[in-house]
Amino acid sequence: MIKAGRAHNLLPRNQLSPLQKALNWLLLLLFFATMIIPMLNVLAVSFSPRLQSMQPGVILWPSQWTVNGYQTVWTRANLSRAFFNSSLVSLVGTAVQILLSSMAGYVLVQKNLPFRRALSLLILFTLMIPGDLTLISIYALNKQLGLLNSYQGLILNGLVSGFSILLMRNYFQSVPESLAESARIDKAGELRVFASIYLPLSLPGLASITFLEFVGKWNALMIPVTIISDPGLYTLPMVLRQLAFATDSTSGVDYIAPNAQMAAIVISVIPLIILYTFAQRFLIGGLTLGATKG
Amino acid sequence: MQISPRRPSSLLRRRLRQYRAIYLMILPVLVYFLIFSFYPLILGLVQSLQKERLLGTPQFIGLANYQSLLRDRNFLQALWNSLYIGSFSLVINIFTGMVLAVSLNELRSRAVKATVQTVTFLPYLFSWTVVGGVWVYVLSHNGLVNGMLDALGLDRISFFTVPAWGRPVMLFTNAWKQSGYFAVLLLASLVGIDPEVYEAAHIDGASRLQQIGRISLPMMLPTVKTLLLLGATGVLRNFDQVLIMSRPAIKDKVGSVLLFIYEQGILKMKIGLATSAAAVVLAATFLIALAVRRASRYEGSLYD
């Protein structure tokens with residue numbers, strides 16, 4: 001600190017020159033505009049009247065505010081049902097996933113466990129056989145198990161991810177083993193050690209994995225389009241996909257105007273944005289651990 | 001613990017019994033992977049060697065599916081499209097992520113930093129149905145971009161009916177969705193740098209720009225390597241984006257190999273062709289991951 005203070009007295013402040021700063025601000029502005037303008041456009045169109053949304057032009061503010069698009073898509077395109085389906089499948093799936101992968105992660109940090117390395121490798125290997133590459137046989141499997149067109153199918157496929165298990169393991173590795181040892185001396189069972197020592201000490205990790213898994217399940221498209229054909233079981237991404245094609249050509253009988261389509265998009269991202277505001281605090285740590293040296 | 005002269009096998013048995021509760025905790029996951037990961041993998045490999053028949057047991061035909069696959073022009077085109085879009089996307093996204101991270105790192109204002117970071121990161125959370133839906137609309141004939149071109153007195157562009165626009169649109173929307181995520185990770189590696197390192201360079205007379213080149217960029221390198229390695233396994237796995245954004249006119253330029261598998265296997269029920277295509281993609285993914293790992297002399301991480 002003292003050194004830094006002295007340096008300030010002797011030298012100009014350690015930052016970019018005014019011109020470089022201006023260029024940097026310009027660059028950031030460009031990034032920001034590229035990101036935010038389409039989002040504003042979507043938001044504005046979603047609150048615009050049907051006719052205005054079909055006109056060409058730059059719409060960044062509705063000429064007249066209306067929730068018509070939202071009403072149309074919620075009832076006519078059956079978005080309410082898809083919203084319910086997505087919520088159910090994502091919530092149940094995430095809860096089970098977190099329970100199972102944190103237990104598995106706990107097993108992988110047991111130092112003297114026989115075959116621990118083999119178990120880790122096995123889980124690592126599952127990361128290399130992504131579901132999307134075995135799509136055809138996943139369809140066959142679901143047919144054999146009677147999971148086509150069912151909630152169980154939507155929940156079970158992609159329920160557990162090796163990625164979450166390894167992330168959980170990394171969080172658990174930072175829990176001091178002496179705590180677990182002393183609990184075991186007090187005759188606490190493994191489940192007890194896991195639930196009352198490891199889980200509470202890894203809450204930030206748990207929070208960020210929960211969030212990322214929820215997002216993954218909420219956004220899943222490939223497996224659902226493969227195993228679901230009953231419109232009553234469509235998830236939000238499946239309905240959005242239909243809408244993306246519905247606005248494409250004006251020839252369709254069931255034409256959905258852009259205002260309704262954009263309303264559907266806004267509805268489907270609202271839960272993610274709300275959750276993000278809560279998870280933000282933990283998220284950077286979770287993401288960094290996932291993608292850099294843990 | 002007292003060590004008695006037992007046979008090793010019974011010692012192992014005792015240790016297994018001691019850890020019975022622990023093994024039970026990982027059992028559900030193992031059963032799950034057995035059914036939903038390993039079984040489909042093996043089933044797929046077997047199916048790729050068979051000829052599907054409507055009735056009776058499938059017939060073993062060796063590598064015939066692979067032979068017809070490698071003669072299938074659509075497959076080869078899809079493979080090339082995936083490789084092209086996947087690898088360019090990865091490089092572009094990491095590059096724009098680096099630019100954004102360095103640029104944000106030079107900002108003093110915390111509020112601006114947080115705002116830009118949040119807005120650029122958000123699309124990473126959105127599904128391709130959302131991002132694709134947004135851009136199909138924004139780039140449509142009556143959409144935002146053509147509205148802006150109109151305002152500037154320029155000709156409108158038909159982004160989804162001119163084949164030449166197919167790949168640029170895919171690369172751009174990919175960067176739009178992913179750059180903020182890469183920026184967050186890369187920025188984390190910049191924030192971790194001890195300020196005294198910059199200070200020392202400053203005292204030695206290095207300009208801020210030189211410090212970015214000599215300190216910031218090298219410090220991001222380990223993260224960049226990891227992102228490249230992780231991204232490499234996903235290069236051939238583009239599906240959601242093309243399922244949403246591909247249109248007949250541009251499909252020849254953007255249709256991915258996973259879309260090919262989906263269309264052949266699920267929509268047309270050509271199981272042999274689709275499963276052999278999946279096996280080829282799986283093998284290619286392994287090779288790419290191995291090559292990148294070799295090239296980056298990866299030192300180990302979460303996945304070891």
Side-chain angles (χ1 to χ4, degrees), chain A residues 4 7 11 14-16 20 24 27-28 31-32 35-36 38 41-42 56-58 100 103-104 106-107 110 113-114 119 124 126 129-130 132-141 159-160 166 170 190 215 219 221-222 226 237 240-241 244 258 265 268-269 272 276 284 287-288 291-294, chain B residues 12 15-16 19 21-22 25-26 28-29 32-33 37 39-41 43-44 47 100 103 106 116 119-120 125-127 129-130 132-134 136-138 142 144 147-148 184-185 188 198-199 202-203 208 223 226-227 230 237 239-240 244 258 261-262 265-266 271 274-275 278 281-282 301-303:
Chain A
L11 295 160
N14 187 15
Q15 31 180 282
L16 295 171
Q20 288 166 342
N24 190 34
L27 183 71
L28 278 178
F31 262 109
F32 189 70
M35 304 307 293
I36 201 101
N41 180 229
V42 166
V58 179
L100 293 182
M103 285 202 312
Y106 175 71
V107 173
Q110 303 305 313
L113 184 75
L119 287 172
L124 183 64
T126 63
I129 30 176
D132 46 13
L133 281 181
T134 49
L135 194 68
I136 309 303
S137 19
I138 281 185
Y139 176 83
L141 170 74
L159 179 66
V160 183
L166 294 179
N170 277 29
E190 287 305 328
V215 172
N219 290 341
L221 177 66
M222 195 173 194
T226 302
L240 289 186
R241 176 189 170 220
I265 284 177
S268 81
V269 301
L272 296 181
Y276 174 73
I284 306 290
L287 287 174
T288 316
T292 60
K293 292 189 170 197
Chain B
L12 180 67
R15 280 180 68 205
L16 288 179
Y19 282 108
I22 300 266
M25 290 174 80
I26 204 170
V29 168
Y32 176 84
F33 283 138
S37 282
Y39 173 68
L41 178 69
L43 184 65
Q47 280 177 328
L100 187 56
S103 179
E106 296 305 318
V116 175
V119 169
T120 49
L125 301 177
F126 301 161
S127 65
T129 50
V130 167
V134 167
V136 165
Y137 174 67
V138 167
N142 286 343
L144 180 74
M148 287 175 164
V184 164
L185 296 176
Y198 287 109
E199 210 54 60
H202 180 53
I203 290 167
R208 189 69 194 177
T223 310
T226 316
L227 292 177
L230 290 181
R237 292 175 53 200
F239 177 77
D240 291 9
I244 304 301
L258 281 184
I261 294 172
Y262 171 74
I266 303 293
I271 308 292
T275 47
V281 176
L282 197 65
S301 77
L302 177 67
Y303 304 101

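Everything quoted here is computed from the prediction, not taken from an experiment. The figures that follow rest on heavy atoms only: side chains count, while hydrogens, waters and symmetry mates do not. Order of the sequence lines sets the chain letters (A, B, ...), proteins ahead of strands, with each chain counted from 1.
Note on B/Phe33, B/Tyr262, B/Tyr39: by heavy-atom pairs under 4.5 Å with chain A, the leading option is B/Phe33. Here A/Leu113 is the residue among A/Val42, A/Leu113, A/Leu27 with the most heavy-atom pairs under 4.5 Å with chain B. The candidate with the highest count of non-hydrogen atom pairs below 4.5 Å against chain B, out of A/Ser268, A/Pro56, A/Pro38, is A/Pro56. Between chain B and the residues A/Pro114, A/Gly57, A/Ala104, A/Pro237, the most heavy-atom pairs under 4.5 angstrom are made by A/Pro114. For chain B, the option among A/Leu272, A/Ile36, A/Val107 with the highest count of heavy-atom pairs below 4.5 Å is A/Val107. Between chain A and the residues B/Ala274, B/Gly44, B/Ser103, B/Gly132, the largest count of heavy-atom pairs under 4.5 Å involves B/Ser103. For the set A/Asn41, A/Val215, A/Thr226, A/Leu119, the entry with the most heavy-atom pairs within less than 4.5 Å of chain B is A/Asn41. Counting heavy-atom pairs closer than 4.5 Å to chain A, the top-ranked of the candidates B/Ile271, B/Leu43, B/Leu144 is B/Leu144.
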Determine, step by step, whether B/Ile22 and A/Tyr106 satisfy the side-chain contact (heavy atoms from CB on, under 4.5 Å) criterion, reporting the C-alpha distance in whole Å, the side-chain angles of both residues, the deciding distance to 0.1 Å, and the verdict. CA-CA 8 Å; B/Ile22 300 266; A/Tyr106 175 71; 4.1 Å; yes
Derivation and outcome, side-chain contact (heavy atoms from CB on, under 4.5 Å), residues A/Leu28 and B/Leu100: CA-CA 7 Å; A/Leu28 278 178; B/Leu100 187 56; 3.7 Å; yes
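For chain A, the nearby parts of B/Phe126 are the backbone and the side chain; heavy atoms of each come within less than 4.5 Å. Both the backbone and the side chain of A/Val160 have a heavy atom closer than 4.5 Å to some heavy atom of chain B. Contacts between A/Asn24 and chain B at a heavy-atom distance below 4.5 Å involve backbone atoms as well as side-chain atoms. In this structure, the portions of A/Leu100 lying under 4.5 Å from any heavy atom of chain B include both its backbone and its side chain. Contact of A/Val58 with chain B is made through backbone and side chain together, with heavy-atom distances under 4.5 Å. Proximity to chain A involves both the backbone and the side chain of B/Tyr198, based on heavy atoms less than 4.5 angstrom apart. Interface residue A/Gln110: only side-chain heavy atoms are found under 4.5 Å from chain B. For B/Val116, the parts sitting under 4.5 Å from any heavy atom of chain A are the backbone and the side chain alike. Interface remark: A/Leu159 contributes backbone and side-chain atoms alike to the contact with chain B (heavy atom separation under 4.5 Å).
With values rounded to the nearest 0.5 angstrom, B/Met25 atom CE is found 7.0 Å from A/Glu190 atom CD. Here CE of A/Met222 is found 9.0 Å from CD1 of A/Ile138. Values are rounded to the nearest 0.5 Å. One distance of note links CD1 of A/Ile136 with CG of A/Leu141; it measures 13.0 Å at 0.5 Å rounding. Distance check: B/Thr223 OG1 to B/Leu230 CG gives 11.0 Å after rounding to the nearest 0.5 Å. A distance of 8.0 Å separates CG of A/Leu135 from CD1 of B/Ile261, quoted to the nearest 0.5 Å.
The shortest distance between side-chain heavy atoms of B/Leu185 and B/Thr226 does not fall below 4.5 Å. With a 4.5 Å cut-off on side-chain heavy atoms, A/Leu221 and B/Ile244 count as touching.
In this structure, the side chain of A/Asn219 engages the main chain of B/Leu125 through a donor-acceptor pair within 3.5 Å. A/Tyr139 contributes no side-chain N or O that, together with a main-chain N or O of B/Ile266, makes up a donor-acceptor pair within less than 3.5 Å.
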